[in-house]
Peer 1: 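Once you've had a glance at the structure underneath, I'll fire off some questions.
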Amino acid sequence: MHLIPVVIVAHAGEPAGWEDAVGALASVLERHPDLSLAVRMPGAVVEHLTRSDPDGWKRLVEHPITWLAGGYSDPVLTTLPPAAVEAQLDREHTAMEGAGITPSGLWLGDAWEPGLVTAARRAELPLVYLDTTVLGEECDRPAAVERAGETVIAIPVHSRPPGLDGDGLVGVRTTPADLALLVEEHSGRFLDPESYLSLHRPGPKVAPAVVSPTRSDDAEHFYRRLLLLIGEEGERSGPRDEILRLQSREFITGTGQIAALPRLLEARTVVDAARHRGDTWVTTKVVDWDADGIDEIQIETAATSLVVDPHLGSIDVWDDKTGRWPICAVDPPTSAVLIRRLDADGEEPPVEPMRVERRSEARAEAQLTLVGGSGARVAIEARGRSLDLSLDVTDSGPIRFGPEIPLALRGARIRVDGGDWTETSAPLALSGHRFRLTDDDHGMLISAPRPCDMFVRPLPGHGIVIWPHWVSGGGGSYRLAFSVV
């Protein structure tokens with residue numbers, strides 16, 4: 001059984017790890033100059049190394065290497081729209097061409113969907129490298145994959161050298177640090193796929209399983225925001241490289257999304273500026289933001305981004321673009337509830353589904369009115385860096401009610417106007433007309449024409465949840481103004 005080491009240099013490794021990888025690879029190749037080796041190194045990594053470590057890069061590329069494409073920032077290609085896949089591969093091609101290397105295969109790893117056959121053929125990469133989690137452990141040689149008359153050759157990649165005999169060929173996934181041991185233990189078995197295919201026909205056609213890595217709640221939330229940004233970007237000029245970097249595997253399926261959200265907002269403001277004039281534009285549109293088959297409402301202004309889910313009576317996204325503050329991006333992820341109720345016994349009725357009664361746009365201002373089956377209404381007005389909520393309730397019995405909002409504040413402090421600052425490290429309750437909340441980076445003023453009670457609780461990860469609310473014996477109209485300061 002022939003082998004080809006498939007060395008993965010992860011985008012998440014950061015510059016120090018990338019430079020260490022180059023040194024480790026070059027050392028092995030200098031000791032084994034005839035070694036057949038495939039290397040997956042994202043275009044962004046290649047570009048960085050040619051600038052920061054030209055001597056190390058030259059030392060590496062002196063050796064024959066099978067280079068694998070896969071996207072500029074190491075994205076999971078199955079999660080991206082076709083135009084974004086094309087942009088990733090095109091930008092990576094530019095980076096590799098500038099570094100003096102040419103890819104001869106496409107690295108897909110543990111993700112697959114049939115449309116990638118077309119993407120690989122368009123990129124002139126007829127060999128695709130797929131984990132055996134997609135192809136099956138029994139796949140022991142290159143095999144054809146067909147879709148709509150187009151064909152690629154899949155190279156099966158195992159996590160360790162299989163104990164198989166015969167004349168097949170498989171890849172073995174490894175890291176730069178582990179490559180030396182793999183080469184020593186399996187000397188004489190290495191062969192590149194091109195040489196193998198010049199002597200052998202591909203195995204029987206295979207049908208890879210359609211697989212895309214799972215996402216945590218944080219990653220799913222980030223992914224949905226990213227799709228909105230990709231859709232808005234279109235073909236216009238903008239922060240293209242930054243948008244591509246935000247599509248990397250570590251953000252789409254790994255961790256670090258909350259820290260990356262301000263970067264996403266920065267990119268969004270640049271895209272907005274390319275699409276609109278001035279700061280008075282407004283758009284509202286219907287989108288299925290969370291892909292659950294039920295529509296949400298997206299509101300965009302120059303200063304604010306909102307996604308409202310009428311059916312769940314919630315706000316899924318609230319971003320202050322001006323301050324690069326994803327206001328509701330807390331840990332664990334928590335949606336804002338437009339009307340939370342507690343009855344006289346302290347029981348919480350289910351959130352009432354609502355429907356859109358009215359939406360409108362004006363100069364630098366958007367309005368959305370929702371109505372529930374009981375007649376309860378919520379009017380949302382986005383204006384500048386402020387969000388106004390007007391609540392009309394019709395409950396006949398005594399209830400506590402009001403919006404419950406998560407706020408991404410670290411080490412938050414709160415005070416009622418005229419009072420002292422209080423830390424929010426433990427649950428607390430305050431009453432008043434005007435409340436100020438702040439941390440070292442952001443602040444918010446909450447104004448209530450009718451005095452209200454404010455409950456605050458810290459979250460176990462980061463952020464707080466506030467519940468400004470009133471006690472009503474028979475309904476009425478109430479209003480809150482949230483102003484980012």
Peer 1: Below 4.5 Å, heavy atoms only, C-beta onward: do R413 and D440 meet side chain to side chain?
Peer 2: yes
Peer 1: Measure the spacing between CG of L261 and SG of C328 and express it to the nearest 0.5 Å.
Peer 2: 11.5 Å
Peer 1: Taking the side chain as every heavy atom from C-beta outward, state whether W107 and V157 have any pair of such atoms under 4.5 Å apart.
Peer 2: yes
Peer 1: Salt-bridged, R224 to D290, with N to O below 4.0 Å?
Peer 2: no
Peer 1: Any donor and acceptor pair, going by atom type alone, linking the side chain of R173 with main-chain N or O of H158 inside 3.5 Å?
Peer 2: no
Peer 1: Taking R450's backbone N and O only, do any of them form a donor-acceptor pair with W470's side chain (distance below 3.5 Å, no angle check)?
Peer 2: yes
Peer 1: Out of T78, I252, L77, D110, which residue meets the side-chain contact (heavy atoms from CB on, under 4.5 Å) rule with S212?
Peer 2: T78
Peer 1: Could you please spell out the steps behind the side-chain contact (heavy atoms from CB on, under 4.5 Å) verdict for V356 and L368?
Peer 2: CA-CA 7 Å; V356 177; L368 177 68; 3.8 Å; yes
Peer 1: Say you draw a straight line from CG of L116 to CZ of R122; how long is it, rounded to the nearest 0.5 Å?
Peer 2: 13.0 Å
Peer 1: When you measure from the centre of the six-membered ring of W421, is the NZ or CZ of R415 closer than 6.0 Å and no more than 45° off the axis?
Peer 2: yes
Peer 1: In Å, rounded to the nearest 0.5 Å, how long is the span from OH of Y478 to CZ of F401?
Peer 2: 4.5 Å
Peer 1: If only atom types and distance count, is the side chain of E361 paired as donor or acceptor with the main-chain N or O of T284 below 3.5 Å?
Peer 2: yes
Peer 1: For V39 and V6: C-alpha separation, side-chain torsions, deciding distance, then whether side-chain contact (heavy atoms from CB on, under 4.5 Å) applies.
Peer 2: CA-CA 6 Å; V39 174; V6 181; over 6 Å; no
Peer 1: Hey, are D178 and R160 close enough for a salt bridge, meaning a charged N less than 4.0 Å from a carboxylate O?
Peer 2: no
Peer 1: Do V456 and L430 come close enough that some side-chain heavy atom pair is under 4.5 Å?
Peer 2: no
Peer 1: Going by the side chain to side chain donor-acceptor pair (under 3.5 Å) test, name the single residue among Q88, R249, Q247 that passes it with S73.
Peer 2: Q88
Peer 1: With a 6.0 Å cut-off on the ring centroids, do Y223 and F251 count as close?
Peer 2: no
Peer 1: Report yes if the side chains of E47 and R91 come closer than 4.5 Å at any heavy-atom pair, otherwise no.
Peer 2: yes
Peer 1: Report yes if the side chains of L407 and I405 come closer than 4.5 Å at any heavy-atom pair, otherwise no.
Peer 2: yes
Peer 1: Check step by step if side-chain contact (heavy atoms from CB on, under 4.5 Å) holds for V145 and V206.
Peer 2: CA-CA 6 Å; V145 178; V206 294; 3.6 Å; yes
Peer 1: Can we say R410 and D439 salt-bridge, meaning some charged N sits less than 4.0 Å from an Asp/Glu carboxylate O?
Peer 2: no
Peer 1: So if I apply the side-chain contact (heavy atoms from CB on, under 4.5 Å) rule between R359 and each of T369, I299, V286, which one comes out positive?
Peer 2: V286
Peer 1: Flag yes if more than 12 heavy atoms outside D279 fall under 6.0 Å of its CG atom; otherwise flag no.
Peer 2: no
Peer 1: Is the backbone N or O of A273 less than 3.5 Å from a side-chain atom of T269, with the two atoms forming a donor-acceptor pair by type?
Peer 2: no
Peer 1: Run the salt-bridge test on D392 and R377 with the 4.0 Å N-O cut-off and return the result as yes or no.
Peer 2: no
Peer 1: How about M444 and I446: do any of their side-chain heavy atoms sit closer than 4.5 Å?
Peer 2: yes
Peer 1: Does any N or O in the side chain of T304 come within less than 3.5 Å of the main-chain N or O of A302, such that one atom is a donor and the other an acceptor?
Peer 2: no
Peer 1: Between W289 and D309, is a side-chain contact (heavy atoms from CB on, under 4.5 Å) present by the stated rule, with each step listed?
Peer 2: CA-CA 9 Å; W289 182 75; D309 188 334; over 6 Å; no
Peer 1: Treating T94 as the side-chain partner and D90 as the backbone partner, does any N or O pair qualify as donor plus acceptor under 3.5 Å?
Peer 2: yes
Peer 1: A side-chain contact here means heavy atoms from C-beta on lying under 4.5 Å apart; do L226 and F222 qualify?
Peer 2: yes
Peer 1: With a 4.5 Å cut-off on side-chain heavy atoms, are E300 and K321 touching?
Peer 2: yes
Peer 1: Taking E348 as the fixed residue, which of R340, R341, R400 is the one that meets the salt bridge (Lys or Arg N to Asp or Glu O under 4.0 Å) rule?
Peer 2: R340
Peer 1: Output yes when R215 and E250 qualify as a salt bridge under the 4.0 Å nitrogen-oxygen rule, no when they do not.
Peer 2: no
Peer 1: Please check if the number of heavy atoms outside D288 that lie under 6.0 Å from its CG is greater than 12.
Peer 2: yes
